[in-house]
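The model shown is predicted, which means the values in this text are computed figures rather than measured ones. Hydrogens, waters and symmetry mates are skipped; everything else that's a heavy atom, side chains included, is used. So you know, we letter chains A, B, ... as the sequences are listed, proteins then strands, and number each from 1.
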Amino acid sequence: MDPECSRLLPALCAVLADPRQPVADDTCLEKLLDWFTTVTEAGSSLLLLQENPCLVELLFRVLKSQDLSSRILSFSLRLAGIFAAQEDCFQYLQQGELLPMLFGEVGPLGGAAWTAPAVRSGWIQGLRTLAQHPSALRFLAACGAVDTIFSLQGDSSLFVASAAGQLLVHILDLAMRGPAEGRCSPQACDWPACAQKIVCHIEDSLCSIATPQVTQALNVLTTVFGHCHGLWTQGLWVRLSPLVARLLEKDPVPASHSLVDLLLSVARSSVPSSDRGLWETLAQTLSHLSPTQAGPLALGILKLQDCPQALRTQAFGVLLQPLACVLEAAAQAPGPPGLLGGAAGDPMTVDVLLCSKSACVGLLCCALTHLGLLQPLPQRPSPWPQAPLLGAAVTVLRLCSGSVAPTSDVGGRLCAILVGCGRVQRAALDFLGALSQGAGPQESVMQVFSVLLEYLMSPESSSMVLKKAFQATLRWLLSSPKTPGCCDLDPRTQLFLRELLPVLQKRLCSPCWEVRDSGLEFLTQMTRHWGGQAGFRQALLASEVPELTKQLLQDPESYVRASAVTATGQLSSWGLLAAPASPERPGAQQKSLLVELLHVLCADSEGFPRRAVMQVFTEWLRDGHADVAEDPERFVARVLQAASRDQDWEVRAQGLELALVFLGRLLGPRGSHCPCAVALPEAAPPGTLAQALPEAAPPGTLAQALQVLCRVQLFEFAFRALFDCDRPVAQKSCDLLLFLRAKAAPCGSPQEAGDSPNVASVEATLQRWQAGEQGQPLGYLEPGAVMAVLRSIDLEGLRDTLAESSDHVEKSPRSLLQDMLAAVGVLGENEADCY
Amino acid sequence: MKLYCLSGHPTLPCNVLKFKSTTVMLDCGLDMTSTLNFLPLPLVQSPRLSNLPGWSLKDGNAFLDKELKECSGHVFVDSVPEFCLPETELIDLSTVDVILISNYHCMMALPYITEHTGFTGTVYATEPTVQIGRLLMEELVNFIERVPKAQSASLWKNKDIQRLLPSPLKDAVEVSTWRRCYTMQEVNSALSKIQLVGYSQKIELFGAVQVTPLSSGYALGSSNWIIQSHYEKVSYVSGSSLLTTHPQPMDQASLKNSDVLILTGLTQIPTANPDGMVGEFCSNLALTVRNGGNVLVPCYPSGVIYDLLECLYQYIDSAGLSSIPFYFISPVANSSLEFSQIFAEWLCHNKQTKVYLPEPPFPHAELIQTNKLKHYPSIHGDFSNDFRQPCVVFTGHPSLRFGDVVHFMELWGKSSLNTVIFTEPDFSYLEALAPYQPLAMKCIYCPIDTRLNFIQVSKLLKEVQPLHVVCPEQYTQPPPAQSHRMNLMIDCQPPAMSYRRAEVLALPFKRRYEKIEIMPELADSLVPMEIKPGVSLATVSAVLHTKDNKHVLQPPPRPAQPTGGKKRKRASDDIPDCKVLKPLLSGSIPVDQFVQTLEKHGFSDIKVEDTAKGHIVLLQEAETLIQIEEDSTHIICDNDEMLRVRLRDLVLKFLQKF
């Protein structure tokens with residue numbers, strides 16, 4: 001321990017034990033405990049106590065004090081637990097009878113303080129930390145703690161109750177880890193007394209008629225099988241499984257959620273390798289639980305790596321059941337075998353679907369979500385009934401939109417329940433999107449596109465439903481097959497696109513900004529993937545979508561403007577924005593998008609559009625966009641100038657990203673050290689950045705590159721960013737300058753002027769900037785001066801400082817102790833500023 | 001209690017309720033869908049319409065070619081448009097005491113009823129209803145009168161001829177009742193019979209019933225009505241809305257505990273959510289205008305247009321439409337826009353608070369101020385000077401058969417750049433467009449109907465729990481086009497009673513009580529006797545005095561004292577015959593004790609039988625039978641009056657007398 005901390009500790013202990021000086025801040029106590037945990041993990045607790053007797057004294061004083069706050073008592077219990085986790089220290093504390101006084105019946109357990117949940121929680125956590133060695137087990141048995149823990153399982157505070165359950169598991173694990181380790185005998189006589197006691201308690205609880213007790217027992221067991229991996233767990237299951245199975249005989253099954261958790265926990269443990277009966281229990285459970293309760297169990301079973309095929313089939317049937325019922329109810333005529341291979345829908349599921357709107361919606365949403373989660377997994381059931389599932393998803397969506405006319409009574413009632421139900425629509429659209437990963441018969445795919453179009457067109461679709469519909473449409477479009485032997489879109493997709501674009505056009509004019517935003521996001525994604533496809537380009541250019549997108553740059557909603565920036569950036573990258581001048585205004589000159597985006601960057605009052613512009617510009621620079629390639633130097637200079645003044649740190653950070661891309665284009669990518677190695681004109685794509693460098697210049701001349709960087713004022717931007725009040729910006733700038741220095745270093749510099757007055761003035765300005773006076777400009781920099789300045793700044797040191805979290809000074813234990821003392825006025829002045 | 005149903009249109013109702021001694025007409029809706037069978041009335045000579053070929057029968061007989069014209073495969077009547085009136089034969093309308101109007105759309109038939117049926121009663125409506133109703137009527141009369149048409153077709157209405165016509169003329173119903181539009185004089189006369197009322201105001205009708213208007217949330221001044229007596233309550237719900245639009249919210253609480261709830265005027269488009277439709281309206285409007293096209297919105301001069309203008313006010317800037325002119329053309333445009341701003345007390349809370357700022361409650365004031373919205377009485381005059389395209393025009397009539405809209409349909413119909421957006425749900429847009437076919441302009445159907453949908457009705461009925469629901473038959477089954485949508489009908493218990501045009505419905509509840517007041521001096525004289533805890537009885541001798549449907553018990557006049565023995569006693573009609581009344585009996589007879597008493601009095605061989613209503617005591621020896629029931633006792637014996645009297649006295653011992 002830091003000597004300074006040792007010095008402060010007695011005063012702090014005195015403060016803590018003094019009821020007249022309450023500690024106002026709980027987090028300080030938590031930090032203190034964290035610190036003691038770190039200290040004891042690093043060294044001997046016994047030594048710590050011997051060197052700092054004030055700690056033991058604190059514990060004694062806490063016990064004696066009558067009117068101490070519950071939080072200090074709780075803290076002390078936890079602190080004692082931390083110390084007693086080491087067996088020698090435990091013995092030391094035992095000698096003083098301190099532990100029984102803290103954790104035994106004479107301690108807070110019997111007193112008025114026990115009514116505070118914080119004290120009960122502290123007691124449990126203290127014991128949880130303490131219980132690490134056989135002596136602790138004996139202590140627990142001697143002080144009767146286990147019985148108290150049993151009673152705390154039903155505590156009114158959920159935190160306490162949950163912690164009590166976990167403590168039981170921990171004690172059981174500890175008890176079984178010792179002498180019983182390696183045995184899997186279910187015979188209780190072999191087990192340590194403490195373990196026996198806990199197991200008997202669990203058995204009693206499982207047999208109880210009170211559901212809360214059953215729940216407690218099941219939760220404890222779930223934790224056991226989830227966290228304990230000893231062989232003994234197999235024995236435990238053999239012993240308890242009959243009791244668990246008996247729960248299934250009750251109607252309704254008590255604590256079904258906890259039961260499902262337990263069974264899945266056991267199934268994921270090592271038990272199944274020894275007990276095949278588990279599969280039978282799972283099968284029974286599946287058939288006993290109601291369709292709503294059985295869903296999560298079925299999903300869990302299907303996610304298991306190794307489980308009998310029959311059980312998987314049964315579980316899959318449970319998940320499919322609700323959709324099968326919907327399909328059956330909506331069928332116009334007996335069609336091909338549905339989801340269940342022709343078997344009729346389960347009447348119980350039908351009952352749940354029809355009993356109330358909330359039950360119906362709940363069951364369908366769960367089924368759709370579960371199947372959607374299952375779809376991408378490698379262990380998903382095979383064969384996967386893709387076509388019927390597509391049919392079911394489409395049917396559910398049609399029931400929700402009211403566009404299907406079921407003839408059956410059940411279908412009619414389902415339709416009445418589901419019509420206009422946004423929750424089911426969203427779940428079904430998500431599921432439909434997930435199904436795009438698999439192929440389907442042509443007819444089904446046609447239906448999918450038709451229902452998606454119906455949703456995208458319908459004025460009844462809410463903005464969230466539309467968003468999901470756009471997402472699902474995108475997934476289906478991107479997964480649509482390519483025409484063999486042709487790289488363009490297949491005719492069916494092109495046909496769909498022709499229908500889709502007018503809808504998108506209308507959605508971009510929606511009065512609801514969320515809809516305009518989703519429409520733009522959809523367009524961006526579609527363009528990103530298909531910008532090069534002739535069919536897509538043709539359809540898009542024939543529509544008014546590009547023009548509308550451009551108009552949305554003026555949208556009153558900033559999110560929409562941001563999405564419009566991204567969308568136009570993407571369209572422009574693929575040359576899809578250069579629409580011919582409108583016939584109404586033939587003379588009107590189209591303003592270049594670059595100018596418009598620069599205007600957004602300089603003038604938009606919101607951060608999102610400006611960030612989006614920076615991202616688009618960075619992308620353009622990286623990809624060599626034609627507008628940028630005309631004069632990249634001017635482009636970078638203008639962008640950096642605008643970004644350097646921006647209030648939003650993300651814009652400034654993105655400016656550095658752009659600068660880095662520019663550097664990469666000039667000096668070669670990161671990793672290659674010398675720009676001399678990069679033959680610039682050849683490395684860059686034709687017609688892009690490389691043309692910016694004077695043709696006459698010998699390739700790879702660092703000086704020329706530095707000249708360019710100086711002209712675009714990249715250094716001023718980077719140096720300003722180096723002292724930015726937002727750490728990520730400063731870090732990024734530091735990285736950039738380090739990269740630049742590394743690139744330049746091996747080549748040396750012929751014109752370096754380390755002592756020139758220019759350098760001195762730059763350094764002076766930088767110092768002022770560092771001090772917070774950023775008003776003064778740097779002026780034009782010579783490359784030589786820049787290199788000299790770069791070498792003179794301790795960039796590595798700066799990087800290390802920036803890598804520390806901003807509160808690293810204030811986070812030290814010493815600072816913590818000082819703060820706590822200062823808060824109660826023991827220290828004369830507040831030496832540390834902890835905010 | 002009876003309900004006479006005079007209209008078959010569920011949203012334009014006209015019913016007559018006979019309740020106690022009053023005859024109350026509930027609304028006076030005018031079904032204008034009949035005008036769809038007529039050719040449009042163009043404001044400017046239309047060569048296309050005037051050169052349409054006459055229609056002739058299959059056999060070439062052309063005797064109807066003056067009356068009927070053919071256009072794009074449809075046949076139209078070339079005559080002044082006519083409206084389908086409410087039934088006038090079902091009940092003598094001169095006996096109607098009052099007419100209650102629920103909203104301005106439901107009073108359009110008023111002049112036909114008040115001016116031509118011998119009606120002498122009073123009409124009750126709120127002020128905005130009357131003022132806006134007047135505007136609607138004025139606009140209608142103006143639209144029709146400014147295009148005088150010499151011809152009035154009647155030949156085709158002959159039943160034998162009608163059968164030969166193509167659909168939909170062949171299927172048109174009640175054509176004999178169709179009438180030409182009323183005149184402004186009739187409108188003024190009809191409106192002069194209206195008495196203005198405020199929400200929650202209680203209006204006594206002849207002392208028999210009380211009627212009260214309640215806010216219905218649908219339109220400015222729209223009302224539901226409570227018609228109640230002391231023990232019965234009938235609620236009339238017509239055209240109500242739970243959406244937050246401009247009017248005051250609907251008062252649901254006052255509808256509770258109704259014996260009968262008459263439910264009319266639900267949304268005509270139950271599958272369309274008004275919010276979605278407004279979105280659709282805005283999107284299509286923006287798309288058209290951005291492409292350089294014009295937008296035509298056929299509409300009424302009041303109602304949804306206020307909300308649409310408000311939406312556009314918020315939308316036009318975001319959609320980049322600030323420079324696009326919006327025109328509102330109606331003979332009453334100016335009055336409608338101004339009236340809406342002055343009825344602050346009838347508006348929703350948000351709009352009311354604006355008035356105190358002070359700001360105009362509707363933002364269309366700002367649109368007018370900034371010249372974004374301009375209004376004109378017609379296309380002639382100033383409008384033709386200001387007219388600039390592309391633009392958005394709001395104008396009537398939504399049927400597309402008369403009004404300035406006809407001109408714009410003719411003007412813009414040929415270009416696919418233009419769009420007509422239908423927002424009023426009263427007319428089928430396909431039928432409305434039929435005489436304009438072939439049409440190049442785009443047609444968008446965004447019906448905005450804010451009235452209650454079936455989900456809201458179901459919640460409302462659960463909330464207010466009426467004993468019986470009465471509604472038009474259309475609401476008791478799903479719409480024919482969506483017969484599988486079982487949720488598009490009223491679902492309540494007991495099932496709703498339905499009515500159709502020209503049907504008389506006996507409402508399923510009987511009046512059991514009537515309130516009678518007791519004069520204080522009479523009450524003073526009563527001597528109540530407690531017959532069981534909490535229940536006291538008293539005999540009352542009084543005169544029942546009934547006047548103006550109020551009943552009062554007054555002390556009986558003292559019998560005139562004979563002034564002298566010599567004078568002959570004069571029988572007076574005024575003085576009731578105050579005979580000494582037999583005492584009234586109460587209590588019950590415990591059979592076991594009664595049998596014991598009989599035995600004590602020497603009767604033997606007694607048998608007791610239980611019956612459904614009580615007991616029969618058989619005195620076998622005396623061949624006598626005593627029936628004891630809850631409210632009567634009979635002694636049946638064979639001509640032995642002595643025995644009967646003995647037994648009667650024994651029975652009476654168990655009963656209390658007063």
Taking atom [atom1] of [X] as the centre, report whether more than 12 heavy atoms of other residues, nucleotides or ligands fall under 6.0 Å from it.
X         : atom1 : answer
Asp491(B) : CG    : no
Met497(B) : CE    : yes
Met486(B) : CE    : no
Lys357(A) : NZ    : yes
Leu430(B) : CG    : yes
Glu514(A) : CD    : yes

Checklist outcome for this item: When every non-hydrogen atom of Ser401(A) is compared with those of Arg485(B), the smallest separation belongs to O-NH1, 4.3 Å
Checklist outcome for this item: When rounded to the nearest 0.5 Å, the distance separating CG of Asn291(B) from CD of Glu547(A) is 9.5 Å
Item to check | Point-to-point distance, once rounded to the nearest 0.5 Å, from CD of Glu280(B) to OG of Ser510(A) | outcome: 9.0 Å
Who among [options] has the most heavy-atom pairs with chain B under 4.5 Å?
options                         : result
Ser461(A), Gly411(A), Ala416(A) : Ala416(A)
Cys512(A), Gly402(A), Cys415(A) : Gly402(A)
Ser462(A), Pro459(A), Ser458(A) : Pro459(A)

Checklist entry - Highest number of heavy-atom pairs under 4.5 Å with chain A: which of Gly320(B), Ser483(B), Ala286(B), Ser283(B)? => result Ser283(B)
Checklist entry - Any idea which of Leu285(B), Asn487(B), Leu488(B) has the most non-hydrogen atom pairs under 4.5 angstrom with chain A? => result Asn487(B)
Is there a side-chain contact between [X] and [Y] in this structure, where contact means two heavy atoms from C-beta onward sitting under 4.5 Å apart?
X         : Y         : value
Glu544(A) : Arg290(B) : no
Leu287(B) : Leu548(A) : yes
Cys509(A) : Tyr315(B) : yes

Next on the checklist: Please classify the contact of Gln505(A) with chain B as side chain, backbone, both or neither, using a heavy-atom distance under 4.5 Å.
Outcome noted: both
Checklist entry - With a 4.5 angstrom heavy-atom cut-off, which part of Thr271(B) approaches chain A: side chain, backbone, both or neither? => result backbone
Next on the checklist: If we ignore hydrogens and angles and just use 3.5 Å, is the side chain of Glu460(A) paired with the main-chain N or O of Gly276(B) as donor and acceptor?
Outcome noted: no
